[in-house]
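The model shown is predicted, which means the values in this text are computed figures rather than measured ones. We use all heavy atoms of the structure for the numbers below, so side chains are in, but hydrogens, waters and symmetry mates are not.
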Amino acid sequence: NYPYLNVSRCCKACICTECFLQVKAPVEGQSVQCPFCKSPGYSVEFRGQKTEAERVAQQKEEAEVAAAVARNREHLLAEERDREKRILE
């Protein structure tokens, strides 16, 4: 959870500073692709602190992702139980 926001200039995707530093060109003058849309010449715009609306949207998205992961985990466990049941029959 990062309080500050960097936005990709090409596709407007958000990226934290830590991730941006891992993706940016190691040597000035080299070009890298956007990790989101694959456009050449990746760069970001620092937007400063997230607004309340951006923080709320991020929390909502994180909750939705967590719920989807939990549903998927339960589905996989149910499939495994069914598979084991069929083997034992």
Side-chain angles (χ1 to χ4, degrees):
N1 236 350
Y2 295 92
Y4 299 100
L5 189 62
N6 298 291
V7 178
S8 301
R9 291 180 193 262
C10 48
C11 62
K12 306 300 183 216
C14 297
I15 187 169
C16 71
T17 300
E18 183 179 342
C19 293
F20 170 68
L21 292 174
Q22 292 177 24
V23 173
K24 77 178 189 101
V27 177
E28 196 164 325
Q30 283 186 323
S31 180
V32 296
Q33 286 184 331
C34 172
F36 305 104
C37 71
K38 305 301 182 203
S39 294
Y42 182 59
S43 65
V44 298
E45 179 179 315
F46 180 72
R47 294 265 177 101
Q49 202 164 25
K50 292 178 185 176
T51 65
E52 180 63 25
E54 289 168 332
R55 285 191 296 274
V56 168
Q58 180 182 2
Q59 289 172 345
K60 180 181 177 190
E61 182 180 4
E62 288 171 356
E64 290 171 355
V65 168
V69 167
R71 283 191 307 272
N72 187 49
R73 185 180 312 119
E74 183 55 40
H75 175 74
L76 292 173
L77 289 171
E79 283 182 340
E80 182 63 27
R81 285 190 299 267
D82 289 346
R83 202 174 5 253
E84 288 174 359
K85 188 177 178 181
R86 282 193 302 271
I87 291 171
L88 293 174
E89 292 176 347

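Taken to the nearest 0.5 Å, the OG1 atom of Thr17 stands 8.5 Å off from the CG atom of Leu5. In this structure, the separation between OG on Ser31 and NZ on Lys24 is 13.0 Å, given to the nearest 0.5 Å. Rounding to the nearest 0.5 Å places CD of Glu74 at 11.0 Å from CD of Glu79. Within the model, atoms CZ of Arg9 and SG of Cys11 stand 12.5 Å from one another, a figure rounded to the nearest 0.5 Å. To the nearest 0.5 angstrom, Asn6 atom CG is 8.0 Å from Cys16 atom SG.
Glu54 approaches Gln49 most closely through the heavy-atom pair OE1-O, 4.4 Å. Heavy atoms only, all atoms of each residue included: Cys34 and Cys37 are closest at SG-N, 3.3 Å. The nearest pair of heavy atoms linking Gln30 to Ala25 is O-CB, 3.4 Å.
Using a 4.0 Å cut-off between a side-chain N of Lys or Arg and a carboxylate O of Asp or Glu, Glu84 and Arg81 do not qualify as a salt bridge.
Hydrophobic clustering (ILVMFWY, side-chain heavy atoms < 4.5 Å, transitive): Phe20 and Val7 are in distinct clusters. In the hydrophobic cluster analysis, where Ile, Leu, Val, Met, Phe, Trp and Tyr join through side-chain heavy atoms closer than 4.5 angstrom, Leu21 is grouped together with Ile15.
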Evaluation steps, side chain to side chain donor-acceptor pair (under 3.5 Å), between Tyr42 and Ser8
CA-CA 7 Å; Tyr42 182 59; Ser8 301; 3.0 Å; yes

Please determine whether side-chain contact (heavy atoms from CB on, under 4.5 Å) holds for the pair Arg71 and His75, giving the CA-CA distance in whole Å, both sets of side-chain angles, and the decisive distance to 0.1 Å.
CA-CA 6 Å; Arg71 283 191 307 272; His75 175 74; over 6 Å; no

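Arg83 is linked by a side chain to side chain donor-acceptor pair (under 3.5 Å) to Glu80, counting only residues two or more places apart in sequence or in another chain.
A 4.5 Å side-chain heavy-atom check between Glu89 and Lys85 finds at least one atom pair inside the cut-off.
Tested against Gln58, the residues Glu62, Arg55, Glu61, Lys60 include a single side chain to side chain donor-acceptor pair (under 3.5 Å) partner, Glu62.
The number of heavy-atom neighbours closer than 6.0 Å to CD of Glu45, taken from other residues, nucleotides and ligands shown, is above 12.
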